[in-house]
Every structure is written in structure tokens, then in C-alpha cells.
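Below is one structure; the comments refer to it alone.
Keep in mind it's a predicted model, so treat the numbers as computed, not measured.
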Amino acid sequence: MKIRRAGLLLALLAALLLGLCACRVEGNPLPEGMDEEETLAKGREAVRAIAGNDWEGLWALLREDVRESTSPEDIGTLILGQLDGAGVYKQIDSYLATGQSSDGEDYGVCVFYCKYEKKKVLIRVAVDPEMEIIGFEVKKR
């Protein structure tokens with residue numbers, strides 16, 4: 001059952017991020033009313049939770065409809081699989097915020113280029129205009 005849930009979460013996040021990857025990351029303005037610094041601050045909360053293996057904390061940052069489709073355990077399984085071999089989190093090297101749209105919903109995307117002990121890691125965090133996280137992606141570069 002946990003594998004099925006993790007697979008469902010992965011499919012949900014992949015569908016959301018497929019739209020993100022297909023879009024140009026540079027220069028798209030955030031949706032009207034979204035402040036860049038506030039959006040990046042929400043994204044940094046997610047990065048801190050990921051770096052600290054705080055799956056409960058990351059899960060709590062998710063918008064309610066997204067939380068209903070997963071669990072902290074599923075999130076931990078997914079992220080640990082993506083970070084396997086990266087080593088210990090060190091710092092955010094660079095970041096940006098951009099606007100995106102998918103299925104009629106406008107949202108901001110925070111892109112963080114992070115340094116881990118052995119690898120560089122890209123963390124994308126999708127944030128809706130109400131400053132709730134609607135998706136994330138973690139991958140080694």
C-alpha cells in the first residue's frame with residue numbers, strides 16, 4: 001500500500017512538474033499579487049524541511065488537497081530515493097522565482113540550486129497565490 005501511495009504521489013508530482021519542465025524558467029512573471037520574496041521564503045521553508053528530513057513539516061506546508069493524496073512517510077520515501085548518494089546538505093548556491101500556469105491555475109515556482117556533500121541537487125517548489133505549496137521536485141544534477 002505504501003509503494004502504491006508513493007507511486008501515486010510521484011505520478012501527481014511528475015504531472016505537475018511536466019508542465020514546469022516544458023515551460024521556460026527565465027523571465028516569466030509571478031502571478032498577479034504574488035510577491036517574489038514571500039514566494040521564495042515559502043520555498044526556503046520547503047528546502048529546510050527537505051534538508052532536515054522533516055517529512056511531517058514538509059507535508060504540513062502542502063495545500064490541503066495535495067496533503068490528502070499523500071503522507072509524510074510517502075514524501076520521505078520519495079525524497080530519500082532522489083537524494084541517495086548526494087551526501088549531507090550544505091547550502092543553497094543560487095535560486096530564482098518564476099511564474100507558471102497549468103490546467104488553468106497560475107502559481108509561482110521557486111528553483112533552488114543546492115550544494116550537498118557529494119552532489120548538486122535541484123529543488124523546485126510550486127507555490128500557489130495563497131502561499132501554499134502545491135508540488136515539489138528534488139533531483140540530483
Side-chain angles (χ1 to χ4, degrees), residues 2-141:
K2 285 189 179 196
I3 293 174
R4 179 182 242 182
R5 270 187 152 165
L8 184 60
L9 173 64
L10 185 57
L12 172 70
L13 295 175
L16 174 66
L17 292 170
L18 183 62
L20 299 178
C21 293
C23 298
R24 196 178 66 177
V25 179
E26 56 191 57
N28 294 333
L30 289 169
E32 190 171 327
M34 287 187 78
D35 176 72
E36 182 176 16
E37 287 307 313
E38 186 179 3
T39 303
L40 286 166
K42 181 58 73 170
R44 283 186 195 97
E45 284 184 61
V47 171
R48 280 193 298 276
I50 291 167
N53 295 339
D54 181 7
W55 316 132
E56 288 278 341
L58 183 57
W59 181 82
L61 293 173
L62 297 174
R63 190 169 68 187
E64 184 177 356
D65 62 324
V66 180
R67 276 196 316 264
E68 290 173 356
S69 67
T70 190
S71 72
E73 295 79 19
D74 293 338
I75 290 171
T77 299
L78 175 71
I79 293 175
L80 289 175
Q82 294 298 313
L83 291 176
D84 187 42
V88 176
Y89 171 82
K90 297 295 185 184
Q91 67 188 28
I92 295 172
D93 283 338
S94 61
Y95 56 87
L96 63 95
T98 185
Q100 300 293 325
S101 181
S102 179
D103 296 327
E105 181 175 16
D106 295 328
Y107 51 90
V109 177
C110 304
V111 182
F112 297 96
Y113 298 94
C114 300
K115 182 177 183 178
Y116 276 68
E117 185 178 47
K118 299 177 184 175
K119 300 275 184 181
K120 293 187 178 197
V121 174
L122 173 73
I123 300 175
R124 289 189 183 119
V125 182
V127 181
D128 73 8
E130 286 74 39
M131 292 297 123
E132 293 185 289
I133 294 175
I134 57 174
F136 57 86
E137 176 187 35
V138 177
K139 69 178 185 178
K140 292 180 284 198
R141 299 181 24 206

**Side-chain touch Val111/Tyr95, heavy atoms, less than 4.5 angstrom** = no
**Prompt:** For the atom pair CZ (Arg44) and CD (Glu37), what is the distance rounded to the nearest 0.5 Å?
**Reply:** 6.0 Å
**Test side chain to side chain donor-acceptor pair (under 3.5 Å) applied to Asp93 and Gln91, step by step** = CA-CA 6 Å; Asp93 283 338; Gln91 67 188 28; 2.8 Å; yes
**Request:** Step by step, work out the side chain to side chain contact (heavy atoms under 4.5 Å, CB included) result for Val121 and Ile50.
**Result:** CA-CA 11 Å; Val121 174; Ile50 291 167; over 6 Å; no
**Asked** What's the spacing between Leu30 CG and Asp35 CG if we round to 0.5 Å?
**Response** 8.0 Å
**Request:** List the atom of Pro31, the atom of Gly108, and the distance in Å for their closest heavy-atom pair.
**Result:** CD-N, 4.1 Å
**Message:** Give me the atom names and distance for the closest heavy-atom approach of Val127 to Tyr107.
**Reply:** O-CB, 3.2 Å
**Message:** Evaluate Trp59 against Val66 for side chain to side chain contact (heavy atoms under 4.5 Å, CB included), listing each step before the verdict.
**Reply:** CA-CA 9 Å; Trp59 181 82; Val66 180; over 6 Å; no
**Prompt:** Heavy atoms, side chains only, cut-off 4.5 Å: are Lys42 and Ile133 in contact?
**Reply:** yes
**Prompt:** Could you give the distance from NZ (Lys90) to NZ (Lys118), rounded to the nearest 0.5 Å?
**Reply:** 11.0 Å
**Prompt:** Which is it for Leu62 and Glu132 under the side chain to side chain contact (heavy atoms under 4.5 Å, CB included) test, yes or no, and what are the steps along the way?
**Reply:** CA-CA 6 Å; Leu62 297 174; Glu132 293 185 289; over 6 Å; no
**Value rounded to 0.5 Å, distance of CZ in Phe112 from OG in Ser94** = 10.0 Å
**Message:** Take a 6.0 Å sphere around CD of Glu64 and say whether it holds more than 12 heavy atoms from other residues, nucleotides or ligands.
**Reply:** no
**Prompt:** Between Thr98 and Val109, is there a donor-acceptor pair closer than 3.5 Å when you use the side chain of the first and the backbone of the second?
**Reply:** no
**Item:** Intermediate values then yes/no, side chain to side chain donor-acceptor pair (under 3.5 Å), Asp74 and Ser71
**Value:** CA-CA 5 Å; Asp74 293 338; Ser71 72; 3.2 Å; yes
**Separation of Asp106 CG from Asn28 CG (nearest 0.5 Å)** = 11.0 Å
**Asked** What's the spacing between Gln82 CD and Ile79 CD1 if we round to 0.5 Å?
**Response** 9.0 Å
**Message:** If you define the side chain from C-beta out and look only at heavy atoms, does anything of Ile92 sit under 4.5 Å from Tyr113?
**Reply:** no
**Request:** Go through Val138 and Leu122 one step at a time and tell me if the side chain to side chain contact (heavy atoms under 4.5 Å, CB included) criterion holds.
**Result:** CA-CA 6 Å; Val138 177; Leu122 173 73; over 6 Å; no
**Leu61 to Glu45 - nearest heavy-atom pair and separation** = CD2-OE1, 3.2 Å
**Asked** Which pair of non-hydrogen atoms, one from Glu56 and one from Pro72, has the smallest distance, and what is that distance?
**Response** OE2-CG, 3.5 Å
**Request:** Please check if the side chain of Asp103 supplies one atom and the backbone of Glu105 the other of a donor-acceptor pair under 3.5 Å.
**Result:** no
**Asked** Does any N or O in the side chain of Thr70 come within less than 3.5 Å of the main-chain N or O of Arg67, such that one atom is a donor and the other an acceptor?
**Response** no
**Note, Met131 side chain near Glu38 side chain (heavy atom, < 4.5 Å)** = yes
**Complete:** When every non-hydrogen atom of Glu36 is compared with those of Ala97, the smallest separation belongs to CG-CB, 4.0 Å
**Message:** Closer than 3.5 angstrom, by distance alone: can the side chain of Arg124 be matched with the main-chain N or O of Phe136 as a donor-acceptor pair?
**Reply:** no
**Asked** Cationic tip of Arg48 within the cone over Tyr89's six-membered ring, i.e. under 6.0 Å and within 45° of the normal?
**Response** no
**Asked** Is Lys140 atom NZ crowded by more than 12 heavy atoms from other residues, nucleotides or ligands, each under 6.0 Å away?
**Response** yes
